[in-house]
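Written below as structure tokens is the structure these notes are about.
Computed from a prediction, not measured in an experiment: that's the story for all the values here.
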Amino acid sequence: MRKGEKVNLLIQPRYASVDRDKDSESSVPSIPPSSILSIDLELVSFKPVINVTGDLGVLKKILKEGEGTLTADEGAAVTIRYTAKLVDGTLLERRGFDGENALKFITDEEQVVAGLDQAVTTMKKGEHAIVTVKPDYGLGNTEVKRDLAMVPPCSTIIFEVEMLEFTKEKVPREMNKHERIQMAQRKKEEGNLLFKNGKYQRAMKKYEKATDCINEDEHFEDDDQKIVKSLRVSCWLNGAAACLKQNYFHEAIKQCCKVLEVESCNVKALYRRAQAFMETADLHLAELDIKKALAIEPQNREVKLIQKTLKQLQSESNKRDAKLYTTMFARLSNENSSAAKKLKVEETESKNEENVGEINMH
């Protein structure tokens, strides 16, 4: 139904009965058996509930719709006021009320709990919502001290949030070329910091945003082109390293291939692609990359180390193959031997039958 819609419902008997034991306090009058109910119904209002994370880990119930169509999105500078409570009503935090400063933060920067962060990116200016955050997107399974109370382990937190204002991060099409280069440099540096702190997934997103700012379809002047090429290569290489840390081996190969398309002799790209090939059991391709890298830098210590690892993997692979083939040949030999014995038995039985026939004839 839509808001303001009026309908008449005819309810068949099997859907019309009321369980008095379960609903003894109900004001619904007793309904005779086999009755068909006629109900006039009007939808006066409703509160939309959005499954923010797709797994029911963060739910947002809109109490008041916001203005326009724009939402805060990732990377936006937002200002919110909110209260945070436990399910039993215990107040944990309160910001932006009674003259107190509202909370200002940048989304997707881990400045608030993940569930609140993700919910806020879906909000419009002026929107008012209840955000329910399960432990996996909140404070996890540890006890944490907040402003007004302790949060027990594995607690669900209920936020009541109002989006006061936000400023969206500029997208590449809104920037001039100089701004794009500056943004790409900043995103790369942010990605590098995240990488150092072991936050590889978020680092990958930063590298991707950096390369989006300086995509290959855009024409840059000669002086800027050198900077742009260096930035792209650096982000692809760092992205490949982040992929390897998370066992995203096929994506690491893709990132390295992008580098090698513009710098065919880039040793780091050959080295990281060889690492990924070794993990996907493409040992021949890994060997080709390692040989090429050593032809360019014969004394590269890291490449020499993975060459030793590769030789060990190849030796183990050859042993497995030899064992497999030995087993296969043994099985085939046994099958052939069994078949030969069976044939011999059949031939013997056939001759015996012929001899018996001859005796009976005499």
Can you confirm whether the side chains of [X] and [Y] place a donor and an acceptor under 3.5 Å from each other?
{"X": "Gln255", "Y": "Glu251", "answer": "yes"}
{"X": "Thr71", "Y": "Asp73", "answer": "no"}
{"X": "Gln307", "Y": "Lys291", "answer": "no"}
{"X": "Lys124", "Y": "Thr69", "answer": "no"}
{"X": "Asp108", "Y": "Thr121", "answer": "no"}
{"X": "Glu65", "Y": "His128", "answer": "no"}

Around [X], counting heavy atoms of other residues, nucleotides and ligands shown, do more than 12 lie under 6.0 Å from its [atom1]?
{"X": "Asn8", "atom1": "CG", "result": "yes"}
{"X": "Gln246", "atom1": "CD", "result": "yes"}
{"X": "Lys168", "atom1": "NZ", "result": "yes"}

Which atom of [X] lies closest to which atom of [Y], heavy atoms considered:
{"X": "Ile157", "Y": "Ala84", "value": "CG2-CB, 4.1 Å"}
{"X": "Trp236", "Y": "Thr211", "value": "NE1-CG2, 3.9 Å"}
{"X": "Arg272", "Y": "Cys256", "value": "CB-SG, 3.7 Å"}
{"X": "Leu92", "Y": "Lys85", "value": "CD1-C, 4.1 Å"}
{"X": "Met204", "Y": "Ala242", "value": "CG-CB, 3.5 Å"}
{"X": "Arg180", "Y": "Pro172", "value": "NE-O, 3.1 Å"}

Please report the C-alpha distance between Lys199 and Glu110 in whole Å, then the side-chain angles of each, then the deciding distance to 0.1 Å, and finally whether the salt bridge (Lys or Arg N to Asp or Glu O under 4.0 Å) criterion is met.
CA-CA 11 Å; Lys199 298 173 182 177; Glu110 297 186 346; 2.7 Å; yes

Which residue, Glu67, Glu162, Lys60, forms the side-chain contact (heavy atoms from CB on, under 4.5 Å) with Glu127?
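So the option named by the test is Lys60.
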
Kindly compute the distance separating [atom1] ([X]) from [atom2] ([Y]), expressed to the nearest 0.5 Å.
{"X": "Glu297", "Y": "Lys268", "atom1": "CD", "atom2": "NZ", "value": "10.0 Å"}
{"X": "Leu9", "Y": "Ile11", "atom1": "CG", "atom2": "CD1", "value": "5.5 Å"}
{"X": "Thr132", "Y": "Leu59", "atom1": "OG1", "atom2": "CG", "value": "6.0 Å"}
{"X": "Leu103", "Y": "Arg95", "atom1": "CG", "atom2": "CZ", "value": "5.0 Å"}
{"X": "Arg81", "Y": "Asn101", "atom1": "CZ", "atom2": "CG", "value": "12.5 Å"}
{"X": "Cys213", "Y": "Gln185", "atom1": "SG", "atom2": "CD", "value": "10.5 Å"}

Does one hydrophobic cluster hold both [X] and [Y], with members joined at side-chain heavy-atom distances below 4.5 Å?
{"X": "Phe97", "Y": "Tyr82", "result": "no"}
{"X": "Leu91", "Y": "Met150", "result": "no"}
{"X": "Val113", "Y": "Phe105", "result": "yes"}

Answer yes or no: is there an ion pair linking [X] with [Y], defined by an N-O contact shorter than 4.0 Å?
{"X": "Arg202", "Y": "Glu109", "result": "yes"}
{"X": "Arg146", "Y": "Glu93", "result": "yes"}
{"X": "Lys170", "Y": "Glu179", "result": "yes"}
{"X": "Glu169", "Y": "Lys187", "result": "yes"}

Does the side chain of Lys6 reach to within under 4.5 Å of the side chain of Met1, using non-hydrogen atoms?
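Heavy-atom side-chain distance check fails, nothing below 4.5 Å.
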
In the hydrophobic clustering (ILVMFWY, side-chain contacts below 4.5 Å, transitive), which residues join Phe277, or is it alone?
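Cluster partners of Phe277: Ile253, Leu285, Leu288.
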
Connected-component partners of Tyr271 among ILVMFWY, side-chain separation under 4.5 Å
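Leu260, Val267, Leu270, Met278, Leu283, Ile290, Leu294, Ile296, Val303, Ile306, Leu310, Leu313, all in the cluster of Tyr271.
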
Residue pair Asp117, Gln111: steps toward the side chain to side chain contact (heavy atoms under 4.5 Å, CB included) verdict
CA-CA 8 Å; Asp117 199 335; Gln111 296 176 10; over 6 Å; no

What residue pairs, at least two apart or across chains, pass side chain to side chain donor-acceptor pair (under 3.5 Å) with a residue in residues 134-143?
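Residue pairs passing side chain to side chain donor-acceptor pair (under 3.5 Å), neighbours aside: Asp55-Tyr137.
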
